[in-house]
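Working notes, beginning with the structure itself.
In the text below, chain A, chain B and the rest are named by the order of the sequence lines, each starting its count at 1.
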Amino acid sequence: MDIVLEARGLTKRYGDFVAVDRLDLTIRRGEVFGLLGPNGAGKTTTILMLLGLTEPSAGSVQVLGLDPARQPLSVKARVGYLPDQVGFYDTLSARENLAYIARLNGLNRKEAGARIEAALTKMGLEEVMDKAVGAFSRGMRQRLGLAEILMKHPELIIMDEPTLGLDPEAAREFLEIIRDLRSEGITIMLSSHLLHQVQAVCDRVGLFSKGKMVLEGPVDVLAREVLGGGYHITVEAEGDAGLEAALSEVEGVQRVQRAGPNRFVLETTGDLRPAVARAVVEAGGQLLALASEAPNLEEVYARYFQKEANHARAA
Amino acid sequence: MLAQRSTPASGAAAATRREGSPWTGLWAVVSKEMADYLSSTRMLILELITVLTAAGTVFTATAQLRETVGQDRFLFLRLFTTSQEPLPAFVGFLVFLVPIIAIALAFDAVNGELNARTMSRLLAQPIYRDALLLGKFLASLFTLALVLTTIWLLIAGLGLLRLGVPPGGEETARLLWFLLLTIAYGAVWLALGMLASILFRQPATAAMAALATWLFFTVFWGIIAGILAQILRPVRIGLPAELLAQAQLEQALSRLSPNVLYTEATIALLRPEVRSLGFVLPSQLQGAILGAPLPLGESIMLGWPHMVGLIAGTLLLFALGYVLFQRQEIRA
Ligand SMILES: Nc1ncnc2c1ncn2[C@@H]1O[C@H](COP(=O)(O)OP(=O)(O)O)[C@@H](O)[C@H]1O
Ligand SMILES: [Mg+2]
C-alpha cells in the first residue's frame with residue numbers, strides 16, 4: 001500500500017526534557033489515523049515536526065515521499081494543517097481570510113474564488129461567507145479552518161485536537177465531516193486527548209504517553225490485546241435464576257454483572273448479540289432489550305498502564 | 001516574557017539546501033499587510049498627528065518667511081527648518097515623531113500573528129518565513145513612505161499657497177533626498193519595532209521595549225556619550241589636542257544614535273550653507289556657517305555616511321530579527 005507519511009526515530013528534546021522519544025510512525029493512503037494521548041504527551045510536538053514547523057532533535061520524516069526540511073514548499077502545498085485553537089483575522093470576512101491563504105498558495109484570483117466558494121459551501125458556511133470572522137463561534141472557526149484546507153485540495157490533512165472546545169453537538173458534526181472526507185479518499189491524521197470521542201472515526205490509532213507511542217493499531221485489535229475483548233453488552237431480560245449462569249456460559253463472555261433486577265452487563269470479546277439472544281431464549285427467558293458497546297479506548301489506555309504498573313511491581 | 005526557543009538538531013536546517021525561492025509569496029504578504037495598515041484606525045491617528053504637526057509648523061514658519069520672500073534662494077527649505085518659540089522646526093518634530101510612527105506600525109508585526117493564532121496557519125502554507133518577515137517589513141516601510149510623502153506634498157502645497165513662490169529645482173532635489181533620508185531613518189525604527197515584536201510575546205511589552213530604546217537615544221545617549229568621552233579621553237592639562245580628542249570621541253559615540261545621524265544629515269541637506277559636520281556638534285552649527293552654500297552633490301556627500309549608517313543599522317536589526325524568527329518554534 002501507498003505510504004503517505006513515515007517517521008523513523010523521531011525525537012524532540014527541550015533541553016533535558018524529551019517531549020517525543022524515538023517515534024516510529026507509518027500512515028497509509030486513505031486511512032484515518034488517530035494520535036491519541038493525554039495533555040502533554042507530545043502530540044502537538046510530533047505534528048510540528050512532521051510539518052517542518054519545528055526541527056526534530058533526531059530522526060527522519062518523509063511526507064508524501066518528501067523531506068519536510070528540504071522540500072518544505074512542496075510538502076506544505078500538498079498537506080493541509082489545522083492547528084489546535086485555529087485563529088483568523090477577525091476583522092476580515094471568511095472569504096477574505098481564505099483569499100489570503102489562496103494567494104500564498106499561488107492560486108490565481110479566478111481559481112481561488114471558485115475554490116473558496118466551493119470549500120465554504122461544503123463546510124456549511126455559505127451564509128456567512130462575507131461576514132467578519134470575529135463574530136464566528138468556535139465551531140464555525142473550526143469549519144472555516146477545514147474549508148481553508150479543502151481549498152488547497154490536499155492529499156493529507158493533519159488536525160491537532162480538532163474537537164477541542166466544541167460542544168458535543170458541534171464535535172459530533174465535525175467528526176461526521178471527517179468521515180465524509182475519509183470516504184472521498186483523503187488521508188487524515190488527527191490528534192486528540194478525548195480518546196473515546198474520536199476513536200469511532202479512526203481506522204488506526206497510536207496511543208501516546210510521555211513522548212512514547214505505547215500502543216498502535218486498529219481500535220478493536222488493541223482492545224483484544226489489552227482487554228481481551230473490551231465489548232460491553234447490556235441485556236435486559238426477564239427469567240429465572242438460571243439466566244445469569246446461562247449468560248456466563250456463552251462463548252466469548254468474560255464477565256457477567258448484574259446491573260438491575262432484569263439487567264445484566266456482559267464483558268465480551270466481541271459483538272456477541274446473536275449468541276446472547278439465543279442463550280436468553282434457550283434459558284427460557286424473555287428478551288426485552290439488547291445493546292452492544294464497542295471497546296472504549298479510555299479503558300484500553302487505563303488498563304494498559306495498570307498492567308504496566310503491575311508488571312513493574314512484580315519485577 | 002521571552003518567546004520560547006527550542007533546541008534544534010545541530011544546524012540541520014542551516015546545512016540543508018532548501019527548495020525554491022525564499023521569496024515565494026512575498027508580494028501576497030506585502031499587499032495583505034498594506035491593505036491592513038491602510039484601513040486601520042492606528043493609521044488614521046498617525047496621519048492626523050503628523051498632518052497637524054506639519055500644518056502647525058508650516059503656518060508659523062510661513063508667517064516669518066513671508067518677509068524674506070525674494071531674498072532667500074532656499075526659501076522652501078526654510079519651511080522645514082524655521083522654528084518659532086515655543087514650537088521647534090518641522091525637522092525637530094520629525095526626529096522624534098518618525099520613530100514613534102515606525103514603532104507604532106511595527107511593534108505587533110510578529111507577536112500579533114502569534115496572539116491571533118494565525119501564525120501557524122500562515123507557516124503551514126508553501127512560503128518561507130523569510131517571505132513573511134520581509135513582506136511585513138516592506139509593507140510597513142511602504143506605508144511609512146506613503147505617510148511621509150503625503151506630508152511632504154502637504155507642506156509643499158501649503159508653502160506654495162502661503163508663500164506664493166514654487167520651489168526651485170535644487171530645492172526640490174534636496175527635499176526629495178531629505179524624504180529618502182527620513183524614510184531610511186524610519187526604517188531603523190521599523191526594524192527595531194519588528195525585532196521587539198519577535199522578542200516579546202506581548203505587544204504591549206514589545207512597544208514599551210522599543211519606546212524605551214527610543215527614549216534612551218533621544219534623551220540619554222547624548223549625556224552618556226559625553227560622560228564616556230570624558231572618562232576615555234580625559235582633559236588632563238587642558239591642551240587643545242586633548243580637548244579636540246575628547247570632542248571627537250564624543251561625536252563619534254553620539255553618532256551611534258540614529259537620531260544624531262538623521263539630524264546631522266538633515267542639516268547638511270536643508271542648510272546648504274553648512275560646509276562641514278566635522279567635530280562641531282549640531283547645537284553649535286551656527287558657527288560652522290561660512291557664507292557660500294555648498295552645491296547639492298557636496299551636501300549629499302556630507303550626509304552620505306549618515307545615510308549609509310542608517311541603512312546599515314536597519315539591515316543589522318532586521319538580520320537579528322530574522323535569525324531569531326527562523327529559530328522560533330511556532331505553537332500558535
Ligand atoms: N518550547 C518548549 N520548551 C519546553 N518544553 C516544551 C516546549 N513545548 C512543549 N514542551 C513540553 O513538551 C511536552 C509535550 O507537549 P505537546 O506536544 O504540546 O503535548 P500534547 O500536544 O500531547 O498535549 C509537554 O510536557 C510540554 O510541556
Ligand atoms: Mg497539543
Side-chain angles (χ1 to χ4, degrees), chain A residues 11-17 19 44-45 47-49 51-59 66-92 96-97 99-107 133 141 144-145 148-149 152 154 158 160, chain B residues 4-42 112-132 135 139 325-332:
Chain A
T11 302
K12 181 69 182 182
R13 282 184 289 269
Y14 293 106
D16 288 337
F17 180 77
T44 300
T45 311
I47 289 175
L48 294 181
M49 286 191 286
L51 287 163
L53 289 179
T54 191
E55 287 174 52
S57 309
L66 305 167
D67 176 353
R70 281 167 189 273
Q71 290 150 300
L73 299 190
S74 310
V75 169
K76 287 172 179 176
R78 295 162 63 188
V79 177
Y81 169 47
L82 185 66
D84 59 343
Q85 299 173 35
V86 59
F88 293 90
Y89 303 107
D90 282 350
T91 55
L92 300 185
E96 288 164 340
N97 266 287
Y100 181 33
I101 299 299
R103 248 183 305 159
L104 291 177
N105 278 278
L107 296 181
V133 175
R141 281 164 195 264
L144 181 55
E148 173 193 306
I149 291 173
K152 289 170 72 172
I158 298 183
D160 198 0
Chain B
Q4 287 181 327
R5 284 293 117 63
S6 70
T7 46
S10 50
T16 51
R17 242 191 128 79
R18 301 183 302 181
E19 72 168 332
S21 157
W23 311 123
T24 316
L26 176 69
W27 295 107
V29 176
V30 172
S31 62
K32 146 80 169 60
E33 294 290 327
M34 276 207 71
D36 275 3
Y37 277 131
L38 298 183
S39 61
S40 67
T41 327
R42 176 192 322 192
E113 301 271 4
L114 289 171
N115 290 323
R117 302 201 146 264
T118 45
M119 186 61 98
S120 52
R121 230 163 32 84
L122 287 184
L123 294 182
Q125 309 312 323
I127 58 164
Y128 285 110
R129 296 185 188 197
D130 312 45
L132 188 65
F325 182 56
Q326 289 288 347
R327 286 273 142 134
Q328 213 166 45
E329 183 174 285
I330 306 299
R331 270 181 193 265

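Here the straight-line distance linking atom CG of B/D36 with atom CG of A/L92 works out to 6.0 Å at 0.5 Å rounding. Distance check: B/R117 CZ to A/R141 CZ gives 12.0 Å after rounding to the nearest 0.5 Å. Atom-to-atom distance recorded for A/T54:OG1 and B/L123:CG is 11.5 Å, nearest 0.5 angstrom. Between atom CG of residue A/L53 and atom CD1 of residue B/I330 there is a gap of 8.0 Å, rounded to the nearest 0.5 Å. B/R331 contributes atom CZ, which lies 12.0 Å from atom CD of A/Q85 (distance to the nearest 0.5 angstrom).
Proximity to chain B (any heavy atom under 4.5 Å) is shown, for A/F88, by both the backbone and the side chain. Using a 4.5 Å cut-off between heavy atoms, A/E96 does not touch chain B at all. For A/T45, the parts sitting under 4.5 Å from any heavy atom of chain B are the backbone and the side chain alike. In this structure, chain B has no heavy atom under 4.5 Å from any part of A/L51. Contacts of A/I158 with chain B are absent, with no heavy-atom separation under 4.5 Å from either backbone or side chain. Within the 4.5 angstrom heavy-atom criterion, no atom of A/T91 approaches chain B.
The main-chain N or O of A/P83 is never found under 3.5 Å from a side-chain atom of B/R121 such that the two would form a donor-acceptor pair.
Interface check for chain B: of the options A/G145, A/A99, A/S74, the most heavy-atom pairs under 4.5 Å are formed by A/S74.
B/Q125 and A/Y81 share no donor-acceptor pair across their side chains, judged by distance under 3.5 Å alone.
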